[in-house]
Asks: 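First the structure, which I've put down as structure tokens, then a few questions once you've had a look.
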Amino acid sequence: MNEEEAARLLENLGGRVPVGPAPANEVLMTGKRNRRRRTTFQVVGISAAVALVTVGGFALAPPFSSPDTVAGETPTTGPTALRVSSGNRMVGMNGIAVEVPKDWGTNETQPAKCDGESVPVANTVVFPVEGGFFLTPCMRAQRWSSLHVVSLDDSAVAEAIPDYEAAGDIDGVPVFRSHVRPRICGRSCLPNQFNGALIVPSENVLMFVHSPQRSIIEEILGSVRLIPEGYTAVPDLTGRYDDSEVSPIVQEAGLVWQNRCPEGADCDIGPIEATDPAAGSVVPVGTTVTAVGAPNDNGTPVHASEAVIAGEALRAHLTTLFEYHKSDISKIWVNETFCAREPVVNRDNGCRLWTAAEQEELKGRLSSLGAVSFVPTRAGLQPPPGAAYASAAHVSEQSDTSYSVHVFAHDGDHAWWGNAGERPCGWQVWTLVPKGSNWTATLNEPVRSC
Amino acid sequence: MGDWDEDEDFTGYMSARWPALVRSAVLLGCTPQDAEDLVQTALARCYVSWSKVANADDRDAYVYRVLVNCHTDTRRRRWSGERASEHLPEQPDPRDSEGRVDVTDAVDRALGALSHPLRAVVVLRFYAHLSEEQTATALGIPRGTVKSRLSRALADLSANKHLADLPDGNLP
């Protein structure tokens with residue numbers, strides 16, 4: 001196939017997609033609303049009550065309790081010691097940082113079931129992707145308003161400045177701040193939450209702090225400081241793919257990126273889920289940043305999942321296979337019972353969901369093998385005691401167009417659990433084997449890994 | 001510059017590019033409904049910084065970059081939010097049972113067989129008709145990588161069984 005043929009194929013396919021008129025007004029309204037959301041923290045009628053921003057124009061309140069604890073990662077030589085209060089860690093972006101409690105995570109969000117937008121699920125620092133940390137009606141229903149969330153954003157900072165109050169400087173760097181106040185209840189109202197924000201234009205950072213407690217917001221915003229010389233903040237790389245894209249970003253931050261793909265090779269690799277050190281961590285310049293493993297279907301880090309499985313007296317090995325082809329399901333599954341029958345035609349790129357009748361048939365076949373019935377994934381990780389052969393499968397709840405299938409099997413000597421679904425990089429297959437066994441899964445198709 | 005109307009410029013651009021952007025999103029793997037949502041999201045995000053977008057060296061590359069990023073983010077978020085269930089979230093289209101396999105299905109499946117990075121480069125280059133340079137900018141990768149991915153994608157499409165199974169003459 002040459003380029004012209006490929007273009008014709010795509011034109012053919014694209015031309016069959018019905019497209020309505022551009023909803024210009026709606027997008028324009030959304031865009032304007034987005035701009036306002038970036039400045040949601042604007043203070044209407046700011047009065048003289050700028051009590052929070054006083055000393056030298058800006059109150060650098062003592063961050064939490066004892067400010068003189070030296071962070072664990074403080075180097076013994078080189079840069080000045082990084083001073084962080086006991087029980088806190090420093091998180092930052094570009095040239096500034098604040099302190100948050102050590103047990104607050106990074107990007108601890110999950111998509112809301114109703115609209116897929118990211119919602120905090122724990123106290124966390126988040127780095128909004130392309131457009132901010134928006135609140136939707138759906139998110140309001142997620143009841144995360146008891147959580148503390150620090151959002152660090154570096155887009156559209158300049159546009160937001162006019163809505164903030166000049167608040168002096170930090171070591172000569174101008175800072176703008178909003179009052180800490182209850183969130184204005186418009187379309188993005190979040191009950192029982194206060195928020196506060198600050199902008200450091202020279203560092204291109206817009207920081208929001210959401211919390212049910214004013215004092216927490218004050219403490220966090222009050223701990224803002226310039227990242228000391230010799231240190232830098234790890235940039236957020238979530239969702240990025242290529243070493244060639246990531247490496248310059250990391251380099252620009254004064255860090256070293258450990259390539260995921262061998263030099264000269266063009267690997268198909270999945271998006272970065274997280275890094276070590278985590279995004280926002282304030283670390284010595286020159287620190288090496290690596291991508292950490294892809295999460296399993298529940299979003300649990302690989303190492304954590306392995307620990308769970310180890311608790312089941314199984315040894316786990318995660319293989320990520322970089323050949324994404326849903327019609328390969330039959331070749332990866334334990335046997336063909338697990339696959340939808342051909343022809344598989346649907347609007348979802350090559351394989352369709354099992355019908356109810358097929359599920360019943362699958363259950364029947366599994367039963368004939370002494371299998372258990374359909375069970376949720378996590379329960380499926382544990383083979384029933386004494387079962388000669390057990391399998392479980394299900395299709396996950398996702399959107400109308402994405403899906404996932406899970407299989408667990410165990411035959412006494414070995415066991416495995418696999419999942420497949422709409423994933424950019426391809427398959428993930430868990431291979432579980434009893435401790436001491438050398439058994440490994442065999443795939444019927446050669447796969448390319450990176 | 002004083003006469004420049006940002007909203008007018010934005011809506012003009014949107015009207016002109018809307019069909020191609022939506023269809024590109026479909027080719028990236030969205031349903032038509034999701035594609036329209038995705039493009040709306042991407043354009044709304046572009047609007048936030050439209051003065052910057054409008055002055056960008058290559059406006060299309062910028063917008064497609066935002067579109068691809070939104071798409072990537074959507075895929076990532078959906079996956080990480082997956083929850084187990086015994087019940088199917090949707091029923092298959094009744095037409096599926098007729099086993100209709102036509103060019104659309106074949107191309108759709110062939111694209112689905114490509115990895116996300118390969119698919120993106122194919123769609124931007126051969127459907128959105130971005131140049132190699134623009135594609136590289138839109139995807140944030142070197143031009144050489146665009147070339148190597150295109151080469152591999154074409155090889156994969158050539159070998160794809162769904163396209164190969166099409167009766168003679170069905171290829172456009």
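We name chains A, B, ... by the order of the sequence lines, and we start the count at 1 in each one. The figures that follow rest on heavy atoms only: side chains count, while hydrogens, waters and symmetry mates do not.
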Asks: Side chain of B:W18, backbone of A:G20: donor and acceptor closer than 3.5 Å?
Replies: yes
Asks: Under 4.5 Å from any heavy atom of chain A, what part of B:Y127 do you find: side chain, backbone, both or neither?
Replies: both
Asks: Please give me the minimum heavy-atom distance between A:A22 and B:S15, naming the atom from each residue.
Replies: CB-CA, 4.2 Å
Asks: Which answer fits B:V122, side chain, backbone, both or neither, if we ask what part of it has an atom under 4.5 Å from a heavy atom of chain A?
Replies: both
Asks: For the residue pair A:L10 and B:V123, what are the closest heavy atoms and their distance?
Replies: CD1-CA, 4.4 Å
Asks: If I measure from the heavy atoms of chain B, does A:P21 come under 4.5 Å with its side chain, its backbone, both, or neither?
Replies: backbone
Asks: Using every non-hydrogen atom in the two residues, find where B:E36 and A:V19 come nearest and quote the distance to one decimal.
Replies: OE2-CA, 4.3 Å
Asks: Got a second to check how far B:T11's OG1 is from A:N25's CG, nearest 0.5 Å?
Replies: 8.0 Å
Asks: Of all the heavy-atom pairs spanning B:F126 and A:A6, show the shortest one and how long it is.
Replies: CD1-CB, 3.7 Å
Asks: Mind ranking B:I141, B:L139, B:L43 by heavy-atom pairs under 4.5 Å with chain A and telling me who comes out on top?
Replies: B:I141
Asks: In Å and rounded to the nearest 0.5 Å, what is the CG to CD distance from B:L150 to A:E3?
Replies: 6.5 Å
Asks: Please classify the contact between B:L27 and chain A as side chain, backbone, both or neither, with a heavy-atom cut-off of under 4.5 Å.
Replies: side chain
Asks: Answer yes or no: is there a side-chain heavy-atom contact under 4.5 Å between A:P23 and B:M14?
Replies: yes
Asks: Can you tell if the side chain of A:E11 reaches within under 4.5 Å of the side chain of B:H129, non-hydrogen atoms only?
Replies: yes
Asks: Drop me the distance from A:L28's CG to B:Y47's OH, to the nearest 0.5 angstrom.
Replies: 5.0 Å
Asks: Which of residues 131-138 of chain B get closer than 4.5 angstrom to chain A, counting heavy atoms alone?
Replies: none
